[in-house]
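Take a look at the structure below.
Remember, it's 1-based here, ligands and their atoms both numbered in the order they're listed. Positions are given from 1, in the same order as the sequence printed here.
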Amino acid sequence: MRAIVVSTPGDSSALEYAERPDPVPGPGEVLVQVAASGVNFIDVYHRQGRYPLPLPFVPGSEGAGTVIATGDGVTDLVVGDAVGWASVLGSYATRAVIPASMAVSLPRGLSPELAAAVLLQGLTAHYLTHSTYAIRPGDDVLVHAAAGGVGLLLVQIAKLLGARVIGTVSTEAKEKLAREAGADEVLRYANFSEAVREITGAGVHVVYDGVGAATFDGSLAALRPRGMMALYGAASGPVPPFDPQRLNQGGSLFLTRPSLAHYIATREELLGRAGELLGWVASGALKVHISERYPLAEARRAHDDLEARRTTGKLLLVP
Ligand code: NDP
């Protein structure tokens with residue numbers, strides 16, 4: 001098979017397109033012919049070595065395709081089934097081995113490409129809005145990078161739940177997308193916490209912050225007393241060490257650093273969230289904005305674009 005391989009962590013030149021032996025599914029695993037792989041910011045952290053992995057490795061944590069072989073003990077999937085997955089490493093490849101326990105069977109009519117585009121970021125937006133902080137109708141919600149992959153989905157789901165949504169973005173084109181997704185107010189990053197207070201008075205009930213270092217202080221300042229800071233990523237870099245006393249000064253604030261893996265820890269939870277998410281996609285309630293498809297061999301270009309903030313919505317690698 002062909003795959004992207006990282007042998008030495010680093011910049012995007014660490015992503016090498018190479019021939020690899022075909023993987024063989026072990027007990028409880030399935031082999032999938034990959035139709036599309038999702039590109040996510042976590043792939044950048046893996047490539048850089050910020051989240052260290054044993055070397056060499058095939059990056060990519062999301063994809064979808066067709067089962068072409070099953071390992072011992074797999075009873076609920078057969079060759080020919082269409083499946084998708086999130087949070088399983090090795091997706092930047094023409095073939096991938098997936099634990100059957102992590103495979104999500106795709107509803108009839110949902111293309112593998114669409115599944116590869118929505119599972120990881122969609123499951124993330126689902127748990128952030130339903131479990132990390134369960135949005136109630138009328139809540140004020142701040143979403144950073146509102147035109148990004150997770151951002152566009154967060155905006156739409158928060159609106160489905162009845163929130164007033166304020167988004168931040170860096171450009172006019174991104175502002176347009178965030179508004180089309182339903183954001184009520186769209187801000188630039190400069191002095192955003194003051195602007196949020198002008199709009200809301202008391203501040204927001206929750207901030208969904210995947211930007212990290214550049215926005216962290218402003219995000220805390222934008223919260224109302226007892227508000228929730230959901231710091232779920234670090235696209236601009238990691239947040240430096242932090243004094244918990246600041247949560248007291250901000251008004252008994254809550255701070256959490258959540259991760260998808262802990263919110264799809266059981267098969268029941270994975271399938272529950274995925275079922276609701278894919279249902280919204282099937283009904284048209286949730287729109288998936290695929291902004292670019294790159295050939296698998298051009299993974300470097302996809303990473304360069306993502307890191308340079310040139311992208312919106314979802315990026316896919318197509319074998
Ligand atoms: P995005 O599509 O959101 O891309 C990142 C966006 O962040 C950029 O487009 C940019 O939007 C914004 N940004 C702000 N500052 C910077 C910077 N200095 N460098 C790069 N981008 C910057 O990516 P994803 O949707 O894949 O991921 C978003 C975040 O969510 C990431 O931090 C990721 O790690 C995190 N994540 C966390 C998960 C979890 O469970 N904890 C799961 C999935 C993702 P703009 O130009 O508008 O500022």
Would you mind listing which atoms of ligand 1 come within a distance below 4.0 Å of any non-hydrogen atom of [X]?
{"X": "Y127", "result": "39 (C), 40 (O), 41 (N)"}
{"X": "S259", "result": "40 (O), 41 (N)"}
{"X": "G149", "result": "1 (P), 2 (O), 3 (O), 25 (O)"}

Check your understanding: Do F192 and H144 have ring centres separated by under 6.0 Å?
Key -> yes
Review point. What about the rings of Y133 and Y208, do their centers lie closer together than 6.0 Å?
Key: no
Between [Y] and [X], is the closest basic N to carboxylate O distance under 4.0 Å?
{"X": "K314", "Y": "E292", "value": "no"}
{"X": "R301", "Y": "E298", "value": "yes"}
{"X": "E180", "Y": "K176", "value": "yes"}
{"X": "D11", "Y": "R47", "value": "no"}
{"X": "R95", "Y": "D22", "value": "yes"}

Review point. Where the closest heavy atom to atom 48 (O) of ligand 1 is concerned, which of Y51, Y189, Y208 has it?
Key: Y189
Point to revise | Residue pair W85 / S91, side-chain donor-acceptor N/O under 3.5 Å | key: yes
Practice item. First locate atom CG of L177, then atom OG of S291, and finally report the distance between them rounded to the nearest 0.5 Å. Key: 8.5 Å
Point to revise | Euclidean distance, L154 CG relative to Y232 OH, rounded to 0.5 Å | key: 5.0 Å
Out of curiosity, is [X] lining ligand 1, as in a heavy atom under 4.0 Å away?
{"X": "A234", "result": "yes"}
{"X": "A147", "result": "no"}
{"X": "R310", "result": "no"}
{"X": "Y263", "result": "no"}

In terms of residue, atom name and distance, what is the protein heavy atom nearest to [atom]?
{"atom": "atom 46 (O) of ligand 1", "value": "S170 OG, 2.5 Å"}
{"atom": "atom 29 (C) of ligand 1", "value": "G210 O, 3.7 Å"}
{"atom": "atom 33 (C) of ligand 1", "value": "F41 CB, 3.6 Å"}
{"atom": "atom 12 (C) of ligand 1", "value": "A145 CB, 3.8 Å"}
{"atom": "atom 3 (O) of ligand 1", "value": "G148 CA, 3.5 Å"}
{"atom": "atom 21 (N) of ligand 1", "value": "R309 CG, 3.3 Å"}
{"atom": "atom 30 (O) of ligand 1", "value": "Y232 CE1, 3.0 Å"}
{"atom": "atom 11 (O) of ligand 1", "value": "K174 NZ, 3.5 Å"}

Do [X] side-chain atoms and [Y] backbone N/O form a donor-acceptor pair below 3.5 Å?
{"X": "K159", "Y": "A163", "value": "yes"}
{"X": "R226", "Y": "L253", "value": "no"}
{"X": "D243", "Y": "Q245", "value": "yes"}

Check your understanding: Do any N/O atoms on A235 end up under 3.5 angstrom from N/O atoms on ligand 1?
Key -> yes
Contact partition for [X] relative to ligand 1, non-hydrogen atoms under 4.0 Å:
{"X": "V211", "value": "side chain"}
{"X": "L260", "value": "both"}
{"X": "R257", "value": "side chain"}
{"X": "L120", "value": "side chain"}
{"X": "Q121", "value": "side chain"}
{"X": "P258", "value": "backbone"}

Review point. Looking at Y17, is R2 sitting on its ring face, NZ or CZ under 6.0 Å from the six-membered ring centre and within 45 degrees of the normal?
Key: yes
